[in-house]
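Okay, so here's the structure we're looking at.
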Amino acid sequence: LVTGVIGVGLFKLIDHTILRNIPNAHIEDLFGKLNWIAIALFAAGVMIIVAGLGNIDPGTAFAGYLGLLFLAAGYVSAGVFASSLTQNQVVAFIIALFVLFLFFIMDKVTALSTGSVAYILQYASSDFHLANFYKGAIDIRDVVYFLGVTLFFSSMTSKWLELKFK
C-alpha cells in the first residue's frame, strides 16, 4: 500500500513543476518513466532486505521480485491516478489507500460469498495473484492481471489529465 502512496507524491511533484511549465509535455512518457523509477527504488529496497536473510532459492526469489515489481507498477499507477483526481494531497492519499486496500482485501472476503461471485472477487485481488509469484510460479494470467491494472490506471490518468488541461 505504501508503494501506491508514493505515486501520490510523484504526481504532485510532476503536476506543480513539469506539467504547468512545459506546454507540450508528453504525459504518458513522463508517467511511464517515473513509475519505473519508483518501482526500481522499491525493488532495490526489497532486494537489500532479502539479501541479509541467508541462502535462498534464486528461482523463487526471482519470481517473487518479479511479482513485487508488477504489484508496485499497478499500485504506483493507482496512486498516480488517485492523485490526479484532486489538488489536495491528503484527499489523494485517502483515495489511493482506499482503492489499494480494496484490491488487497478482495481475496479475503471470498469466504463471505459463493460461486461465481467468490471467483470474481478472488481474481480481482492483487494478493491472490501475488501468491503465485511467492511460490516461484510465473503464470501468464498473473502477469496479464498486473499489466492490465497498470495499463488501466495509467490510461485513466492520461485521459483524466487530457480532460483537465483542455
Side-chain angles (χ1 to χ4, degrees), residues 1-11 27-85 92-161:
L1 296 178
V2 173
T3 308
V5 176
I6 291 171
V8 171
L10 280 176
F11 180 77
I27 295 170
E28 293 88 0
D29 295 338
L30 192 61
F31 283 120
K33 290 174 187 170
L34 288 174
N35 276 349
W36 287 110
I37 289 170
I39 292 165
L41 290 174
F42 176 76
V46 171
M47 286 184 217
I48 291 169
I49 292 170
V50 173
L53 295 178
N55 291 338
I56 56 172
D57 178 27
T60 304
F62 174 75
Y65 287 138
L66 187 63
L68 286 175
L69 284 173
F70 283 130
L71 177 74
Y75 278 14
V76 168
S77 295
V80 168
F81 173 67
S83 185
S84 71
L85 295 175
F93 170 80
I94 292 169
I95 292 170
L97 197 62
F98 178 73
V99 169
L100 297 176
F101 182 72
L102 284 178
F103 274 106
F104 176 75
I105 199 72
M106 283 185 202
D107 189 34
K108 307 324 183 237
V109 297
T110 56
L112 303 174
S113 57
T114 59
S116 61
V117 173
Y119 177 76
I120 291 170
L121 287 174
Q122 185 181 33
Y123 192 80
S125 171
S126 60
D127 195 38
F128 170 73
H129 293 282
L130 192 60
N132 290 333
F133 284 102
Y134 287 155
K135 295 174 188 172
I138 301 173
D139 190 354
I140 192 70
R141 292 175 291 186
D142 301 325
V143 172
V144 167
Y145 168 81
F146 284 119
L147 290 177
V149 168
T150 304
L151 291 174
F152 172 75
F153 282 114
S154 295
S155 63
M156 291 294 290
T157 302
S158 176
K159 294 299 179 191
W160 177 254
L161 291 175

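Excluded from the calculations below are hydrogen atoms, water molecules and symmetry mates; all remaining heavy atoms, backbone and side chain alike, are included.
The side chain to side chain donor-acceptor pair (under 3.5 Å) analysis of residues 61-74, with sequence neighbours excluded, yields no pairs. Residue pairs satisfying the salt bridge (Lys or Arg N to Asp or Glu O under 4.0 Å) criterion with at least one member in residues 140-154, sequence neighbours excluded, are listed as follows: Asp139-Arg141. Applying the side chain to side chain donor-acceptor pair (under 3.5 Å) definition to pairs two or more places apart or across chains, those involving residues 96-117 are Lys108-Asp127. Screening residues 40-52 for salt bridge (Lys or Arg N to Asp or Glu O under 4.0 Å), with sequence neighbours left out, gives no hits. Applying the salt bridge (Lys or Arg N to Asp or Glu O under 4.0 Å) test to residues at least two apart or on different chains, none of the pairs has a partner in residues 61-74. Counting only residues at least two apart or on different chains, no salt bridge (Lys or Arg N to Asp or Glu O under 4.0 Å) pair has a member in residues 72-85.
Between Val99 and Tyr75, every side-chain heavy-atom pair lies at or beyond the 4.5 Å cut-off. Contact annotation: the side chain of Phe153 never approaches that of Val80 to less than 4.5 Å [non-hydrogen atoms, C-beta and beyond]. Side-chain contact between Thr157 and Ser77 is absent, with no heavy-atom pair separated by less than 4.5 Å. Looking at heavy atoms from C-beta onward, Phe133 lies out of side-chain contact with Leu71 at the 4.5 angstrom threshold.
Rounding to the nearest 0.5 Å gives a distance of 9.5 Å between CG of Leu130 and CZ of Phe104. In this structure, CD1 on Ile105 lies 10.0 Å from OG on Ser126, to the nearest 0.5 angstrom. Leu147 contributes atom CG, which lies 10.5 Å from atom OG of Ser154 (distance to the nearest 0.5 angstrom).
For the side chain to side chain contact (heavy atoms under 4.5 Å, CB included) test, residues two or more places apart in sequence or in another chain that qualify with Ile94 are Val90. Every residue two or more places apart in sequence or in another chain that forms a ring pair (Phe, Tyr, Trp, His ring centres under 6.0 Å) with Tyr145 is listed here: His129.
Nearest heavy-atom pair across Gly74 and Thr150 is N-OG1, 3.2 Å. Annotation for Gly79 and Ala96: closest pair CA-CB, 4.1 Å, computed over non-hydrogen atoms.
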Pair Leu161-Phe81, side chain to side chain contact (heavy atoms under 4.5 Å, CB included): steps then yes or no: CA-CA 9 Å; Leu161 291 175; Phe81 173 67; over 6 Å; no
Residues Phe62, Ile138; criterion side chain to side chain contact (heavy atoms under 4.5 Å, CB included); working and verdict: CA-CA 10 Å; Phe62 174 75; Ile138 301 173; 4.1 Å; yes
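Under a cut-off of 6.0 angstrom, the local environment of OH in Tyr119 is sparse, with at most 12 non-hydrogen atoms contributed by other residues, nucleotides or ligands.
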